[in-house]
**Student:** 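Have a look at this one before I ask anything.
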Amino acid sequence: MSETPKSPQPSDVTDGRDDLNFVMRARRDKLDALTAQGVSAYGYGYQRSHLSADALKLLGEAEEGPEVSVAGRLVAWRAHGKTIFAHLGDPAGRIQLYFRKDVLNEVFDVVEHFDLGDVVGVQGPLFRTRSGEVTVRVTKVELLAKSLRPLPFGKEEIVDGKPVRHSAFTDGEMRSRQRYADLAVHPEVRAHFASRSAMTRAIRTFLDGRGFLEVETPVLQPLYGGAIAKPFVTHHNALDMPLFLRIADELYLKRLVVGGFERVYEIGHDFRNEGIDRTHNPEFTMLEFYQAYADYVEMMDVVEALVGNAALAVRTALAAVDRPDNAAAFEPMLEAGGFPRVEWLPALSRGVGVPDVLALDDAALRAAAKKVGVQGTDKLLRPKLLDELFQFHVESKIDRPTFVIDYPIELSPLAKPKRGNPALTERFELFAKGKEIANAFSELNDPIDQRRRFEAQAKLKAAGDEEAGSVDEDYLRAMEYGMPPMGGVGIGLDRLFMYLTGTQHIRDAILFPTMRPE
RNA sequence: GACCCGGUAGCUCAAUCGGUAGAGCAACGGCCUUUUAAGCCGUAGGUCGUGGGUUCGAUUCCCACCCGGGUCACCA
C-alpha cells in the first residue's frame with residue numbers, strides 16, 4: 001500500500017457515457033439540463049411531514065385538506081402536457097402527486113426532467129381527484145437523487161380489486177443479484193424481508209425475556225467443531241496461521257456456560273464449504289441457545305414457545321400488509337398444547353414392520369433400504385442406512401410440526417446417552433412439512449467421554465475425512481473445570497423462515513445469497 | 001456430478017423449417033390542464049450467452065464452454 005496512487009490519465013477520464021445505453025444517456029442529458037437550470041440533483045436530506053399512508057388519512061371526507069410534505073421514489077409517471085400525475089412510493093405505501101404548470105410555473109420545467117425512479121421530496125395541499133384518490137397538489141419540489149439507471153418497474157393495474165403487474169421484474173437470478181432493485185420495485189419483497197426481521201426480533205425478545213444472555217463468539221476459529229461439515233479456511237498474516245470460519249457456535253457457547261453464564265444464545269452466521277442449492281447457502285443464520293440444568297425434555301417446551309412466537313411475529317407482519325397467510329404453517333405453531341412427540345425407534349420399527357429395527361443386522365437393514373428405493377445401499381454404513389430408512393418411513397411423512405425424540409446413539413455422536421437406555425440418546429429434532437427445523441440434545445458434559453469422541457473424530461480426519469474435527473484441548477480444559485448439565489438447541493433461521501412463509505428457495509429467505517460473480 | 005429446460009431490446013416475451021429479428025411496457029420527439037397499465041401520432045433502440053465448426057451465408061444446424069432453472073445424486 002506504499003505506492004502513490006496514479007493520477008488519472010486523460011484517456012481514463014470519462015463520464016462513462018460510452019458504455020451507456022440510450023435510456024441512460026437520456027437521463028444523463030436530463031441531469032445536465034437540471035444542472036444548467038441550477039437544480040441540485042442530489043440532496044442532503046428532507047423534512048417529511050408524513051409518510052404516504054398517514055397523509056392519505058388526513059383528508060377524511062373533505063375535498064381539500066392540509067399541506068403535507070412527503071418524500072420517496074417516483075414509482076409511476078403519467079404526463080399530460082401541462083399537468084403530470086405521478087405516484088410516490090415510501091415505506092408506508094404510495095401517494096399520488098399532481099403537478100400543474102399554472103401552479104408551479106417555471107418549476108414545471110424542472111419537473112419535466114424527472115424520471116421514474118428519481119428520489120424526490122414534494123410539498124403541497126391534499127385534495128381529492130375526480131376519481132376520488134387522495135392526492136398532493138404539489139407546490140414545492142426538491143430533487144433528492146436523480147436516478148440514472150432505469151429500475152425494472154412493471155406496470156400495475158387493479159383487476160377485481162387485486163393488483164396485477166405487467167412486464168414485472170421476474171428473473172429470479174437478477175432479483176437476487178440486484179436485490180436493491182428487487183426491493184425498490186417490489187413493496188411485497190420489502191414486506192417479506194421485513195417479516196423476517198420481525199421473526200428475529202421476536203426470537204430475541206422471547207429469549208431475553210427468559211433470562212438468556214445474547215453473546216457473540218468467534219467467527220474466526222483456530223479449530224472448527226460443533227458440527228460435521230467442511231469449513232472455509234483463511235489465513236491470519238500476523239500470527240501466520242490458518243483460521244477457520246465457524247461451522248457452528250456450539251463449543252464457545254458451552255464454554256460460557258462453564259463460566260457461569262447459565263443461559264446464553266447467539267444468532268449469527270455459520271459457514272459451510274459445501275454445495276449451493278435450493279435449501280443450502282454457504283453462509284446461513286444459526287440460532288443456538290443453551291440452558292444450564294435443563295434437559296432435552298425441558299428444551300422441547302422452550303422450542304415450542306419460541307417457534308410459536310416466531311410464527312406469530314411473521315404472521316402479524318405479513319397480515320399488516322395484507323399478504324397471503326401461510327396458515328398451514330402458522331396455525332399448528334400457534335396452537336396450545338404443543339407438538340406431538342414421536343419416539344424414533346418405535347416409529348421406524350412400525351414403518352419397517354419389525355419389532356425392533358435396531359435388532360436387525362446390517363444385511364437386513366440393507367435389504368429394507370433397498371426395498372424402499374434407497375440407492376447405492378451396498379456402500380452405505382449402518383448409521384446411514386438407519387437414517388435413510390427413517391427419512392423414508394417417518395420424516396418425509398411428517399407434515400404438522402412434530403418432535404422426533406430419542407435417536408439411536410449411532411446417529412447422535414454429540415448427545416448424552418438416554419437415561420435407562422444407553423442405546424439411545426436424549427436428543428430431539430423438530431420436523432414440519434418433511435423438513436428439519438430444530439436439533440437439540442441433553443449436552444455431553446463428561447470431559448472423559450468428550451475426549452474419546454474427539455479422538456475418534458481426529459482419527460477419521462487423519463484418514464482423510466475433511467469433515468471430521470480435531471481434539472479441541474481448550475474446550476476439554478473448560479469441561480474439566482466442570483460443565484453444568486444443559487440442554488442445547490440449534491435452529492437454522494433461514495429454514496424456519498422458509499417454513500413459515502412457504503418459501504421454496506433459500507435465495508428468497510436471504511437478502512444477498514451467495515452467487516457466482518457476474 | 002448426471003439428465004432435462006432455458007439464455008433474443010432496459011423489462012416481459014415472440015419469430016426465423018439457414019438469407020443478420022418483432023410486440024407490449026420503459027425511452028426519445030409531437031399533441032394533450034383530473035390521469036391511474038392514461039391516450040393518440042411518430043422515432044430510436046439488438047455483437048440473438050461465449051468460442052469454434054459446417055455453409056456462399058449461422059441468432060437458427062453441429063461441437064465445446066459459460067450462466068441460470070428444474071429433477072436426481074452428494075451434502076447433518
Side-chain angles (χ1 to χ4, degrees), chain A residues 20-30 63 75-87 94-104 108 112 115-117 127-135 137 147-159 163-178 181-182 185 226-230 247-248 270 272-280 282 284 286 373-376 379-380 383-384 387-388 390-391 395 407 411-414 427 429 435-436 438-439 466-468 490 492 495 504-505 507 515-518:
Chain A
L20 296 182
N21 64 50
F22 67 100
V23 178
M24 292 182 65
R25 245 199 128 85
R27 294 195 171 200
R28 286 294 183 96
D29 292 344
K30 286 185 190 172
E63 291 302 308
V75 297
W77 190 259
R78 297 176 295 280
H80 296 75
K82 297 188 180 63
T83 64
I84 299 166
F85 283 95
H87 273 93
R94 45 196 274 167
I95 186 168
Q96 184 165 254
L97 310 179
Y98 184 42
F99 303 92
R100 288 176 67 101
K101 193 172 171 72
D102 61 5
V103 170
L104 289 160
F108 197 78
E112 285 187 301
D115 284 299
L116 211 52
F127 75 107
R128 193 183 307 278
T129 64
R130 194 148 62 197
S131 59
E133 181 163 355
V134 179
T135 301
R137 191 191 314 276
S147 168
L148 295 177
R149 184 181 290 274
L151 278 164
F153 281 109
K155 289 210 162 187
E156 254 181 42
E157 68 174 324
I158 307 295
V159 178
V164 175
R165 207 170 272 146
H166 301 270
S167 299
F169 183 41
T170 53
D171 185 304
E173 182 196 348
M174 279 210 286
R175 289 175 59 179
S176 300
R177 282 190 191 282
Q178 299 190 32
D182 185 29
V185 304
I228 296 182
K230 294 192 192 93
I247 57 172
D270 288 347
R272 296 186 184 175
N273 205 342
E274 290 160 1
I276 298 176
D277 65 23
R278 206 167 74 249
T279 56
H280 294 83
F284 57 97
M286 181 64 92
V374 177
Q375 303 203 342
K379 281 181 284 183
L380 296 181
K384 188 67 187 165
D387 200 37
E388 289 283 351
F390 181 76
Q391 280 184 27
E395 188 176 320
Y407 283 64
L411 287 181
S412 310
L414 302 173
R427 172 186 182 188
E429 293 196 277
K435 301 255 167 61
E436 177 188 338
N439 186 18
E466 268 186 278
E467 297 189 342
R495 297 279 184 87
Q504 296 304 310
H505 205 299
R507 193 176 62 191
M515 301 187 83
R516 209 178 286 272
E518 287 174 87

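Letters A, B, ... mirror the listed sequences (proteins, then strands); counts begin at 1.
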**Student:** Could you pull out all residues at least two apart from A:Gln391 that satisfy side chain to side chain contact (heavy atoms under 4.5 Å, CB included)?
**Tutor:**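 Testing A:Gln391 for side chain to side chain contact (heavy atoms under 4.5 Å, CB included), a comparison that skips the adjacent residues, returns A:Asp387, A:Glu395.
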
**Student:** Could one point to a donor on the side chain of A:Glu133 or the base of B:U35 with an acceptor on the other under 3.5 Å away?
**Tutor:**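 Side chain to base: no pair present.
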
**Student:** Base, sugar-phosphate or nothing for A:Arg27? Non-hydrogen atoms, less than 4.0 Å.
**Tutor:**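 Here A:Arg27 touches no strand at all.
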
**Student:** Is there any protein nitrogen or oxygen under 3.5 Å from a nitrogen or oxygen in nucleotides 39-47 of chain B, and what are the pairs?
**Tutor:**
none

**Student:** So if I take every side-chain heavy atom of A:Lys384 and compare against B:U33, B:C75, B:C28, which nucleotide ends up nearest?
**Tutor:**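 Selected nucleotide (nearest to the side chain): B:C75.
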
**Student:** Between the base of B:U35 and the side chain of A:Arg78, is there any donor-acceptor pair under 3.5 Å?
**Tutor:**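 Between B:U35 and A:Arg78, which were checked side chain against base, a qualifying N/O pair under 3.5 Å is present.
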
**Student:** Got a sec, which residues hit side-chain hydrogen bond (donor to acceptor under 3.5 Å, both in side chains) with A:Glu388, two or more places apart in sequence or on another chain?
**Tutor:**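 Residues passing side-chain hydrogen bond (donor to acceptor under 3.5 Å, both in side chains) with A:Glu388: none at all.
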
**Student:** Just jot down the side-chain hydrogen bond (donor to acceptor under 3.5 Å, both in side chains) partners of A:Arg137, sequence neighbours excluded, or say none.
**Tutor:**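 Listed in chain order: A:Glu64.
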
**Student:** Does A:Phe127 reach a base, just sugar-phosphate, or nothing at all? Heavy atoms under 4.0 Å.
**Tutor:**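 A:Phe127: base contact, heavy atoms under 4.0 Å.
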
**Student:** Check nucleotides 2-7 of chain B for protein N or O atoms closer than 3.5 Å to its own N or O atoms and list the pairs.
**Tutor:**
none

**Student:** At 4.0 Å (heavy atoms only), tell me whether A:Leu151 reaches a base, stays on the sugar-phosphate, or touches nothing.
**Tutor:**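 The residue A:Leu151 makes no contact with any strand.
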
**Student:** Which residues satisfy the side chain to side chain contact (heavy atoms under 4.5 Å, CB included) test with A:Ala181, sequence neighbours excluded?
**Tutor:**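 Applying side chain to side chain contact (heavy atoms under 4.5 Å, CB included) to A:Ala181 gives A:Leu151, A:Pro152, A:Phe169, A:Gln178.
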
**Student:** A:Glu429: what forms a side chain to side chain contact (heavy atoms under 4.5 Å, CB included) with it, not counting sequence neighbours?
**Tutor:**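 Side chain to side chain contact (heavy atoms under 4.5 Å, CB included) check on A:Glu429 returns A:Tyr407, A:Arg427, A:Phe431, A:Glu436, A:Asn439.
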
**Student:** Can you see whether A:Glu156 engages A:His87 through a side-chain donor-acceptor pair at a distance of less than 3.5 angstrom?
**Tutor:**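 Checked: A:Glu156/A:His87 side chains show no N/O donor-acceptor pair below 3.5 Å.
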
**Student:** For A:His505, what residues pass the side-chain hydrogen bond (donor to acceptor under 3.5 Å, both in side chains) criterion, not counting sequence neighbours?
**Tutor:**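 If we apply the side-chain hydrogen bond (donor to acceptor under 3.5 Å, both in side chains) test to A:His505, skipping adjacent residues, there are no hits.
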
**Student:** Residues two or more places apart in sequence or in another chain: which of them pass side-chain hydrogen bond (donor to acceptor under 3.5 Å, both in side chains) with A:Arg507?
**Tutor:**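 With sequence neighbours excluded, A:Arg507 shows a side-chain hydrogen bond (donor to acceptor under 3.5 Å, both in side chains) to A:Ser176, given in chain and number order.
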
**Student:** Please list, chain by chain and in numerical order, all residues satisfying side chain to side chain contact (heavy atoms under 4.5 Å, CB included) with A:Ser147, sequence neighbours excluded.
**Tutor:**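 Counting only residues at least two positions away or on another chain, A:Ser147 forms a side chain to side chain contact (heavy atoms under 4.5 Å, CB included) with A:Arg27, A:Asp118.
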
**Student:** Return the set of residues passing ring-ring contact (aromatic ring centres under 6.0 Å, His included) with A:Phe85 (not counting sequence neighbours), or none when no residue passes.
**Tutor:**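 Only A:His80, A:Tyr98 meet the ring-ring contact (aromatic ring centres under 6.0 Å, His included) criterion with A:Phe85.
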
**Student:** Tell me whether the side-chain N or O atoms of A:Thr129 pair up with the base of B:U35 as donor and acceptor below 3.5 Å, since no angle test is needed here.
**Tutor:**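 Present.
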
**Student:** Please list residues of residues 97-104 of chain A whose heavy atoms come under 4.0 Å from any atom in RNA chain B, ordered by number; otherwise none.
**Tutor:**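 Those residues whose heavy atoms fall under 4.0 Å from RNA chain B, taken from residues 97-104 of chain A in numerical order, are A:Tyr98, A:Arg100, A:Asp102.
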
